[in-house]
Amino acid sequence: MGATMDEKYSEDALPAYTPMPWSLKEIRDAIPAHLFVRDTPRGLLYFARDVLMAAVAWSLATAIDPYFKQSATRDLLTPAGAEVARWAAWGVYWWFQGLIFTGIWVIGHECGHGAFSDHKIVNDVLGFFTHTFLWTPYFSWKISHHRHHSNHASMERDEVYVPKTREDLGIPDEAEGVEIDYDEILGDTPLYTMYMLIRQQLLAFPAYLLFNVSGQKNYPKWTNHFDPNSILFTKAQRKAVIMSNIGIAAMVWGVSYACSKWGAAEVIKYYGIPWLEVSHWFIMITYLHHTDPTLPHYRGKEWNFQRGAAATVDRNFLGWQGRFFLHDVAHYHVIHHFFPKMPFYHGPEATQHLKAFIGDHYAYSDKPAFKALWESYNKCQFVENEGDVLFYRDKKGRAVLRPADQYRVKSTKAQ
C-alpha cells in the first residue's frame, strides 16, 4: 500500500522561507513620489459617488413591495411567483447596498489613516460620520487600528488576528514524542465548521469591539473599544473615545426612532441587512488579508515593520465588484500596509513598483474569495509555541512553509 498523507509529510521537504532583508526606506524609494500625494477633491468625488449610489438603491427599493404586491403583477406572475420575485428583488438590493455601504465604510477607513486628505479636520469629520453611520466607533477604532498597522504580524504586539499557539489550544508539543490525535482536538464536522465560520462572519467585528475577541491575548479580560480607561487608549485619547461613544449613542437613538416611526421590519430591510453585510464583508476581507498558511508571523527581534507589512496578501476579491464598490481595498492591501497614508486610488500603480522591488515577498492570490475563506479557516489553526518565524499549521499539525534553517526551531515533526 502507498504511504498515507501523514507518512509523506516531512517538514524538511517544505519550501524554506527567508524574511525580507530591505529597510522601509529602500522600499519607499522604489515607489514614485507622486503616488503618495493625497487629492481631497478626488476623494470627495468617490465619496459623493458612493452616497449617490446608496440613495438610488434605497429609492429603487421603495418600489419593490408596491410593485410585486399589486394585482397586475400577481396576476402576471401568480401570487407565489410574485412573492418569490419580490424577495429576489430584495436580495439584489441587499447585495448591492451592502457593497455600497462597505465602500462608504472604506472611505471612513481611509480617513482614519489620514489617507483621504491632507487636512486632519476633513479626515476626522468625514470619518466620524461615515463610521458612526455604520456602527463603528471612529476614533476608538482608529487608535487600535493604527497600532495594528504599527505591529502587524508581531505575536507580542499586534492588535487583531493574532494566531493561537499550540499551548493556547492545549495541543502537546511534538518534540516531547507524544502521539497526538489531532482529530480529537481540532476535528470538527463540516457542518459545525460552517456554523463557526458563519458566526465569525456575522459577529466577529462587534465581538472584537466589545470583547477583544481575536485581539491581543495579553490584554485584560474586559478590554473593549468603548471604555475610555481601556488599556487600548492613553489618557490623552480618552476624550476622543467618549466622542466615539456619543456617536454610537446617537445611532442607537436614531435607529430606535426609525423603528418607532416606520417599524422595525422596514428598518431591517432597508438598513439592517445591508449593515450586516458590511460587517460580513469587512471581516471576510480583513481575515483573508491576514490569514493564510503562506504568511509568516514573527516574534522578538525577527519582526520589523516592513516584514510585518509584507505578511499580508492581495486578493482578487469579487472581481470587478470588489474593485468598483470596495475601492480596491482587497485587491491592493499589501501596499496599504507598507504605506497606510497612501490614497487607495494610487494602489494599483504603486503595487506594480512594490512587486518589482520585493519580488517573491509580495503575496497575491486569485483564488475565489469564498473558497479561500473556507480553506484558510480550516488550514490556519495554530502556530508553534517557540520560534521567531512562524507559519500556521492545519488540523493535522502540518505547515506549507518552514523558516529557513537559521530561523528554525527543530521538532520531531521535521525528522
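It should be emphasised that the depicted structure is a prediction, and the values quoted were computed from it without experimental measurement.
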Using 4.0 Å as the upper bound for N to carboxylate O, is an ion pair formed by Arg393 and Glu11?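 A salt bridge links Glu11 with Arg393.
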
Between Lys355 and Asp360, does at least one N-O distance fall below 4.0 Å, as a salt bridge requires?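 Answer for the salt bridge query: no.
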
Testing the 3.5 Å rule here: is there a donor-acceptor pair between the side chains of [X] and [Y]?
{"X": "Thr286", "Y": "Tyr161", "answer": "yes"}
{"X": "Asp168", "Y": "Thr165", "answer": "yes"}
{"X": "His149", "Y": "His145", "answer": "yes"}

Do side-chain atoms of [X] reach the backbone of [Y] as a donor and acceptor pair under 3.5 angstrom?
{"X": "Asp314", "Y": "Tyr364", "answer": "no"}
{"X": "Thr223", "Y": "Pro220", "answer": "yes"}
{"X": "Asn245", "Y": "Ile242", "answer": "no"}
{"X": "Thr73", "Y": "Lys69", "answer": "no"}
{"X": "His346", "Y": "Val37", "answer": "yes"}
{"X": "Arg147", "Y": "Glu159", "answer": "no"}
{"X": "Gln216", "Y": "Asp158", "answer": "yes"}
{"X": "Arg38", "Y": "Lys341", "answer": "yes"}
{"X": "Ser59", "Y": "Ala55", "answer": "no"}
{"X": "Ser256", "Y": "Val252", "answer": "yes"}

Go through the steps to decide whether Asp388 and Arg408 satisfy the test salt bridge (Lys or Arg N to Asp or Glu O under 4.0 Å), and finish with yes or no. CA-CA 8 Å; Asp388 292 337; Arg408 192 175 178 195; over 6 Å; no

Should we count [atom1] of [X] as having more than 12 external heavy atoms under 6.0 Å?
{"X": "Met243", "atom1": "CE", "answer": "no"}
{"X": "Tyr67", "atom1": "OH", "answer": "no"}
{"X": "Lys269", "atom1": "NZ", "answer": "yes"}
{"X": "Trp222", "atom1": "CH2", "answer": "no"}
{"X": "Phe129", "atom1": "CZ", "answer": "no"}

Any idea how [X] and [Y] line up, ring-wise: parallel (<30°), tilted (30 to 60°), or perpendicular (>60°)?
{"X": "His333", "Y": "His290", "value": "perpendicular"}
{"X": "Trp320", "Y": "Phe325", "value": "tilted"}
{"X": "Trp105", "Y": "His109", "value": "parallel"}

Approximate separation, where rounding is to 0.5 Å, of [X] [atom1] and [Y] [atom2]:
{"X": "His297", "Y": "Glu156", "atom1": "NE2", "atom2": "CD", "result": "11.5 Å"}
{"X": "Tyr271", "Y": "Gln97", "atom1": "OH", "atom2": "CD", "result": "11.0 Å"}
{"X": "Ser23", "Y": "Arg28", "atom1": "OG", "atom2": "CZ", "result": "12.0 Å"}
{"X": "Ile248", "Y": "Tyr138", "atom1": "CD1", "atom2": "OH", "result": "13.5 Å"}
{"X": "Phe370", "Y": "Leu288", "atom1": "CZ", "atom2": "CG", "result": "9.5 Å"}

Is the distance between the ring centroids of [X] and [Y] under 6.0 Å?
{"X": "Trp253", "Y": "Tyr257", "value": "yes"}
{"X": "Trp281", "Y": "Phe317", "value": "yes"}
{"X": "Tyr208", "Y": "His225", "value": "yes"}

Candidate pair Asp366 and Arg315, rule salt bridge (Lys or Arg N to Asp or Glu O under 4.0 Å), full reasoning: CA-CA 6 Å; Asp366 60 0; Arg315 294 186 183 273; over 6 Å; no

Quick check with a 6.0 Å cut-off and a 45 degree axis cone: is Arg49 positioned over the face of Phe324's six-membered ring?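 Pair Arg49/Phe324 counts as cation-pi.
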
Ring of Trp303, cation from Arg157 - is the NZ or CZ under 6.0 Å from the centre and inside 45° of the axis?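 Judged by the rule, Arg157 and Trp303 form a cation-pi pair.
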
Check His327, His336, His113 against Phe344 for a ring pair (Phe, Tyr, Trp, His ring centres under 6.0 Å) and give me the one that passes.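 Filter result, single survivor: His327.
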
